[in-house]
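Take a look at the structure set out below.
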2 protein chains.
Amino acid sequence: MIDIRQLNYFVTVAETQHVGKAAELLHLSQPPLSRQISLLEQELGVALFIRHPKGVSLTAAGEQFYQDAKGLLAGLAQACRNAQHVAEGKSGSLAIGFMMHAAYNVVPGLTKAFMQQYPQVSLRLQEVIPADLLKRVQKGDFDAAIMLKPGPVTGIEQLNIGQEKLALVVPLTHPLATAKNIRAKDLDQQPLIATPKEVAPELRGAVDEYCIQAGFTPRVVLETQLQQSIVSFVAEELGIALVPEAVKKASPANVVFRDIPKAPRVDYVLVWRSDNSNPALARLIELAQARLNP
Amino acid sequence: MIDIRQLNYFVTVAETQHVGKAAELLHLSQPPLSRQISLLEQELGVALFIRHPKGVSLTAAGEQFYQDAKGLLAGLAQACRNAQHVAEGKSGSLAIGFMMHAAYNVVPGLTKAFMQQYPQVSLRLQEVIPADLLKRVQKGDFDAAIMLKPGPVTGIEQLNIGQEKLALVVPLTHPLATAKNIRAKDLDQQPLIATPKEVAPELRGAVDEYCIQAGFTPRVVLETQLQQSIVSFVAEELGIALVPEAVKKASPANVVFRDIPKAPRVDYVLVWRSDNSNPALARLIELAQARLNP
DNA sequence: CGATCATGATACAAAAAAGGTATGGAGATA
DNA sequence: TATCTCCATACCTTTTTTGTATCATGATCG
């Protein structure tokens, strides 16, 4: 079988037009080189060189093979570099899922920094409802996800990457829109719009917990599958809601965001499968850590 | 150094995800395969596989290298085929020079047939003044030339590929344009337009010889470097000429071609350097011979 | 025109590399 | 816990490659 060494030998002989000189360049004695060239010709079933008394020159077939061989050698070198780059996480691809709220907060900063530092890595970012994120990381669909902190999960690692307060969002016309001081108690009996527990358990849990701490049971009048809808429904005056404050950035003008006392906080985490060996993931984790402790 | 065998081994393992199975496919026992894979990883400095208890799977770097390796193996096979095709003359390139007169006669038929039979060979056809043709074949600029038969030349081989009569060309207004019978003697004292001896010695030789045989010395009033010009000058009524009769195909309407008695004949030959090993040339020669003796 | 020089090819022994057999070790499975 | 399935390692055998010495051939030069 033809091998790379033979291609190298061949290219060197082709370039020097001289077996002896080529052997020297290859740190080799002349006879084995002669023999390898003969073997190559035999394997191809094609004469590659014309033997002159003062050296050798390429046949037409040899000329063609020389061009191809050079390309192959360059291709091999490139393949090695590619593999090494991917191994270092400097190139390759990285699939990241995130929940919609994170898009207003941690996702832009982190991904922008990553793309800047590792431009050769092709990022695939996808927004997914929170309840599916973890499953799809476990399944291997995503290398990582950015989501609200779940409890500990076996086989999954987590890294805190940000915290956010929940804020009260009310329609412009609502009394609480203009109230001087807002107390937790004021939410008692108010019609709440919230995420169902199945969709974003951590977020809904934080809302419920807040109400219970304040001494009342939340009156949830509407649950929306799609995160984006909550603020829209508030705008339509169907109720009020507690949402991460960064959602304000993408909200219409006819709703008001108000701070609430002892506002519950939600933690954003980067999660990944502990056995995921994608080196680009390692670079992302490093970067996330570096952003925490600059 | 990485070699083709290792790439083959690697690809097979990558495709089976199983060292043992791959070894079987490769007609090899398992340990050497394990070893070659390890060596490859060591040479690259990159882990290509993750070892599971039930087999192996590619790392991100391995995935990249797998794609590249497959490409390289395919490229090598293609390179071998290319060389073989060129060696058989089925592909490659062929540079042919020809003199202008041949363009009306033997060149189209021969090249058309060749292109049809060997479509992968890229033909480079170039018209050159006859005097330069042989030099440029000897120099190696052309693999072959189509020209008027020169004397024997050392290092050059020739093959007759066609013969053509010379015809008299006169302006429409010339007495000989309408004469019933034309005799050689009628050309005596006529102003002749001809190629200089340095440009196309065989052609000029044939003209001079014809006149001398007829018992007079030709009166050449104009010599043109460019073959194409002769008929134009005849059309301009500057003189008359003896040219290969196929030139009629590319002549204006205001000249007349007349047969002459015992018309001199010129031989077209295909010439090439005897040490030219371009296999496509061998195919061209074969084809030219086949067209002579169908 | 013959001696000499340079070039690539061949012969055979030495070295290196790859392959085969036997066995170890780690994780899954029952 | 015992066993089974993998891949890795150890060690020897076989094959391949290399190096040294020598040959054959065509060019060069006195």
Side-chain angles (χ1 to χ4, degrees), chain A residues 1-59 61-62 65-66 138 154-155 273-277, chain B residues 1-59 61-62 65-66 154-155 273-275 277:
Chain A
M1 199 58 196
I2 291 174
D3 91 63
I4 297 289
R5 183 174 10 91
Q6 288 178 313
L7 293 186
N8 242 321
Y9 289 0
F10 165 73
V11 166
T12 307
V13 174
E15 285 172 354
T16 56
Q17 308 230 322
H18 194 294
V19 180
K21 292 250 174 25
E24 217 172 303
L25 286 176
L26 292 163
H27 309 292
L28 196 71
S29 63
Q30 171 263 319
L33 183 53
S34 267
R35 220 168 89 73
Q36 289 302 326
I37 296 292
S38 299
L39 282 175
L40 179 59
E41 289 179 312
Q42 202 175 311
E43 284 164 321
L44 282 172
V46 163
L48 297 171
F49 290 105
I50 304 167
R51 276 72 170 174
H52 302 290
K54 288 196 78 72
V56 297
S57 65
L58 287 168
T59 61
F65 195 66
Y66 170 65
Q138 287 172 317
T154 56
R273 258 173 61 166
S274 26
D275 66 351
N276 186 322
S277 66
Chain B
M1 200 57 195
I2 291 174
D3 94 64
I4 297 289
R5 183 171 9 91
Q6 288 179 315
L7 292 185
N8 243 320
Y9 289 1
F10 165 72
V11 166
T12 307
V13 174
E15 285 172 354
T16 56
Q17 310 229 320
H18 193 294
V19 180
K21 294 248 169 40
E24 219 173 301
L25 286 175
L26 292 163
H27 309 292
L28 197 73
S29 64
Q30 170 264 318
L33 182 53
S34 268
R35 218 160 76 78
Q36 290 301 327
I37 295 293
S38 298
L39 281 174
L40 179 60
E41 289 180 312
Q42 201 176 310
E43 284 164 320
L44 282 172
V46 163
L48 297 170
F49 290 106
I50 303 166
R51 276 70 171 174
H52 302 291
K54 288 196 80 73
V56 297
S57 66
L58 287 168
T59 60
F65 196 65
Y66 171 64
T154 56
R273 258 171 63 164
S274 27
D275 66 351
S277 66

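The chains referred to below are lettered A, B, ... by the order of the sequence lines, with proteins before strands, and numbering in each begins at 1. These numbers come from a predicted model, not from an experiment. Hydrogens, waters and symmetry mates play no part in the numbers below; they use all other heavy atoms, side chains included.
One interatomic measurement links the two molecules: CD1 of A:Ile50 to P of D:dG26, which rounds to 16 Å at whole-angstrom precision. B:Glu41 has its CD atom 13 Å from the P atom of D:dC7, to the nearest Å. Whole-Å rounding puts the A:Ile37 CD1 to D:dT17 C1' distance at 14 Å. Between the CG atom of A:Leu39 and the P atom of C:dG8 there is a distance of 17 Å, rounded to whole Å. At whole-Å resolution of the value, NZ in A:Lys54 and P in D:dA24 are 22 Å apart. The nearest whole Å value for the distance from the CD atom in A:Gln17 to the P atom in C:dG8 is 11 Å. Atom CZ in A:Phe49 sits about 16 Å away from atom P in C:dT7, given to the nearest Å. Regarding A:Leu40, its CG atom lies at a distance of 13 Å from the P atom of C:dA9, rounded to whole Å.
Judged by distance alone, with hydrogens and angles left aside, the side-chain atoms of B:Glu43 form a donor-acceptor pair with the main-chain N or O of B:Met1 at under 3.5 Å.
OP1 or OP2 of C:dA26 has not a single side-chain nitrogen or oxygen of B:Arg51 nearer than 4.0 Å. Within the structure, a side-chain polar atom (N or O) of A:His18 is placed less than 4.0 Å from OP1 or OP2 of C:dT7.
The two residues B:Lys21 and B:His18 have their closest heavy-atom pair at N-ND1, 3.0 Å. The heavy-atom pair separating A:Leu40 from A:Phe10 by the smallest distance is CD2-CB, 3.6 Å. B:Ala23 and B:Leu33 make their closest contact through N-CD2, 3.4 Å (heavy atoms, listed as atom of the first residue, atom of the second, distance). Shown here for B:Tyr66 and B:Ala14, the closest heavy-atom pair between the two residues is CD1-CB, 3.6 Å. Looking at every heavy atom in both residues, B:Ala61 comes nearest to B:Ala47 through CB-O, 4.2 Å.
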Tabulate protein N/O versus nucleotide N/O from nucleotides 18-21 of chain D, keeping only pairs under 3.5 Å, one per line.
unit_1	atom_1	unit_2	atom_2	d
D:dT18	OP1	A:Tyr9	OH	2.6
D:dT18	OP2	A:Gln36	NE2	3.3
D:dG19	OP2	A:Ser29	N	3.0
D:dG19	OP2	A:Ser29	OG	3.3

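Using a 3.5 Å distance cut-off with no hydrogens or angles, the side chains of B:Gln42 and B:Ser38 do not pair a donor with an acceptor.
Closest approach to the B:Asp3 side chain among D:dA8, D:dA27, C:dA18 is made by C:dA18 (side chain taken as heavy atoms from C-beta onward).
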